[in-house]
Each structure stands twice: as structure tokens, then as C-alpha cells.
There are 2 protein chains.
Amino acid sequence: MEYDVYVQTCPTRLVLDRLADKWAVLVLGKLDGQPVRFNQLKREIDGISQKVLSQILKKLERDGLVSRSVFATVPVTVEYAITPLGRTLTSTVAALTRWAEDNIEAVLAAQQKYDRSA
Amino acid sequence: MEYDVYVQTCPTRLVLDRLADKWAVLVLGKLDGQPVRFNQLKREIDGISQKVLSQILKKLERDGLVSRSVFATVPVTVEYAITPLGRTLTSTVAALTRWAEDNIEAVLAAQQKYDRSA
DNA sequence: CTGGATCCACAATGATACTG
DNA sequence: CAGTATCATTGTGGATCCAG
């Protein structure tokens, strides 16, 4: 079977839709390493709302990239962790955020130059 | 200066917003190699609308990732090409689409398993 | 603590038509 | 060919309140 992201009906487009999401990238980056609890994620990912975070986590879990573990403490504890499949993604994802941090100045400079000439 | 994508006000978030876009990923992937004309891009990126394509190209150009060249032919010819800065991104971007194509089956399987247990 | 449900405002997109 | 302009529609996210 041949897959090609450039074909609209190809299922790989579904994966791209999921990956090509700012929040998903940040969540995967935070989970790479140790399991993290819901509110801890919410605190560490500045600007994400509770609604969006729970949606993203559910999607990532459905895709098999993230696992969800419930502990019957009081109050309940829920830990999210990356799966083996998800771990094959984190290096790529990390490269993305690293690129952003490394090249932001060049991008900002390009934007200013563009805006001046416009 | 320290940058951190996990801080909401950090400019690197702008970069992530741009990169974390399905269409931007596909466009950059297509431009990696030779310059491509507008309608050729539109044809090769299945499902993208003319409006969205022109928007994405303008943003990528503003970010300094893509260059736009106009040739005074009749009718006019416009070629889009990747810039040196953009080229530093393509390997990461290519890794993303490759991951999607390589792991789609595992993802689809995970989704089916998830849906059955739900 | 971990979310689900709701309401609402705004951004994004498709379709269509038109221009240089 | 390579776009821009407009409109109508949808979706997406934020804010808030509530519950197990």
C-alpha cells in the first residue's frame, strides 16, 4: 500500500492534521520524559485552556500516542504518559520546537524587512 | 536572550503557529528542491484552495522562508522557491511527513482499538 | 483534581466572481 | 496565469459553571 500526504483522501492527512497543531506539539514535548498530570500540563503549557487541553489529550490518546492512567487517590490522580509509538515522534517534534527557538530572530528580522518594504 | 515556546508571550510561539499548519508543511515539502509556480502548487497539493494557498505563501514569504519571483512573460509567471532560511527547516518538515506515512497504520489501528472499547 | 457541558465571539474556509 | 474581494458558513477556542 502506498501512502502520500499530497493526496487529499490519504489517511496520512489525518496524522498531519493532528501533528500540525501547535498544542499537540507542545503537549508531546512536555510528556517526553516522565508522565505528567493534567493540571501540571495546564500550568506548564502557558496559555492553553482546560477545554482545549482535554480535547487534545483525548485525541492523542485515541491516536495511540499518549496513555492515560487513573489512580484512585483522593482526589483522583490522572497521569498522562507518552507511548512507545508516541516516542517515535518526539525527536521530530523536539526538532520543531528547537528550530523555532533557534531561528526566531531570523524570522522576526525577515518579517520586519517585509513589512517595511510593503 | 532566552526563548521558550512554553511561555505564551514568547515570539517562538509565532513560529510554531506557522509551522504547526498542515498546509505550510505541505507547501514547504513541495518547494524543497526546485522553484514551483502557483498553479502547479495548487494542482500538486490536493485539496488546497486558491485562497488558502495564496495566504500561506504570503505568510511564508513574510517569514523569510519562501521567496517570490515574478517573470514578465505573457501571461505572467510567478515562481516560489525556498530560501536558505527555509531550507534549514525542510529536513524537519520532511521528517514529519515521513513519520505520517510510516506510522499511519499504527495510528489507525490505535484509533479502532480506542473506538471499540468506547 | 479532573474534567464534561454550555454559551458565545471570533477566526478560518469554501464558493464564487472579478481583475491585471 | 496569478491572484484579490466578498459573502455565507462553519468551526474553534475562551470563559464559565458544574460534577464525580
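Below, chain A is the first sequence line, B the second, and so on; all start at residue 1. Keep in mind it's a predicted model, so treat the numbers as computed, not measured.
D/dG3 atom P lies 13 Å from atom CG of B/Leu60, rounded to whole Å. For the pair B/Gln8 CD and D/dG13 P, the interatomic distance rounds to 14 Å; values are reported in whole Å. Rounded to an integer number of Å, the gap from CZ of B/Phe38 to C1' of D/dT4 is 10 Å. Atoms CD (B/Glu61) and P (D/dA2) sit 15 Å apart, rounded to a whole Å. Atom pair B/Ile56:CD1 and C/dA12:P shows a separation of 10 Å (rounding to whole Å applied).
Cluster annotation: B/Val76 is connected to B/Tyr80 through the hydrophobic network of ILVMFWY side chains, with a link wherever side-chain heavy atoms come within less than 4.5 Å.
To the nearest 0.5 angstrom, A/Asp17 atom CG is 4.0 Å from B/Lys22 atom NZ. From B/Lys58, atom NZ reaches atom CG of B/Leu53 across 11.0 Å, with rounding to the nearest 0.5 Å. For the atom pair CD1 (A/Ile104) and CG (B/Leu14), the distance works out to 6.0 Å, reported to the nearest 0.5 Å. Here the CD atom belonging to A/Glu79 is positioned 10.5 Å from the CG atom belonging to A/Leu31, to the nearest 0.5 angstrom. Atom CG of residue A/Asp63 and atom OH of residue B/Tyr114 lie 10.0 Å apart, to the nearest 0.5 angstrom. Distance check, rounded to the nearest 0.5 Å: CD of A/Glu105 to OH of B/Tyr3 gives 4.0 Å.
You'll find that the side chain of A/Val78 is closest to C/dT2, out of C/dT2, D/dG14, C/dG14.
If you check residues 10-24 of chain A against DNA chain D, you find no residue with a heavy atom closer than 4.0 Å.
For the pair A/Arg68 and C/dG3, the criterion of a side-chain N or O lying under 4.0 Å from OP1 or OP2 is met. Contact annotation: B/Arg37 side-chain N/O to D/dC1 OP1/OP2 distance is not under 4.0 Å. In this structure, A/Lys51 does not reach the C/dA5 phosphate: none of its side-chain N or O atoms is under 4.0 Å from OP1 or OP2. Using a 4.0 Å cut-off, no side-chain N or O of B/Ser54 falls inside it from OP1 or OP2 of D/dG3. At the phosphate of D/dG3, OP1 or OP2 sits under 4.0 Å from a side-chain N or O atom of B/Tyr80.
Checking each of B/Asp102, B/Thr97, B/Asn103 against B/Trp99 for a side-chain contact (heavy atoms from CB on, under 4.5 Å) leaves exactly one that passes, namely B/Asn103.
Using a 4.0 Å heavy-atom criterion, one finds that A/Val76 contacts the bases of the nucleic acid, with or without backbone contacts as well. Residue contacts for A/Lys42: at a heavy-atom cut-off of 4.0 Å it reaches no nucleic acid atom on any strand shown.
Taking the C1' atoms of five terminal pairs at each end of the helix from C/dC1-D/dG20 to C/dG20-D/dC1, the two resulting helix axes are inclined by 50°, rounded to 10°.
Taking 3.5 Å as the limit, the base of C/dG14 and the side chain of B/Gln50 contain no donor-acceptor pair of atoms between them.
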Inset, instruction - Go through B/Glu44 and A/Tyr6 one step at a time and tell me if the side chain to side chain contact (heavy atoms under 4.5 Å, CB included) criterion holds. - result: CA-CA 7 Å; B/Glu44 294 187 357; A/Tyr6 286 98; 5.7 Å; no
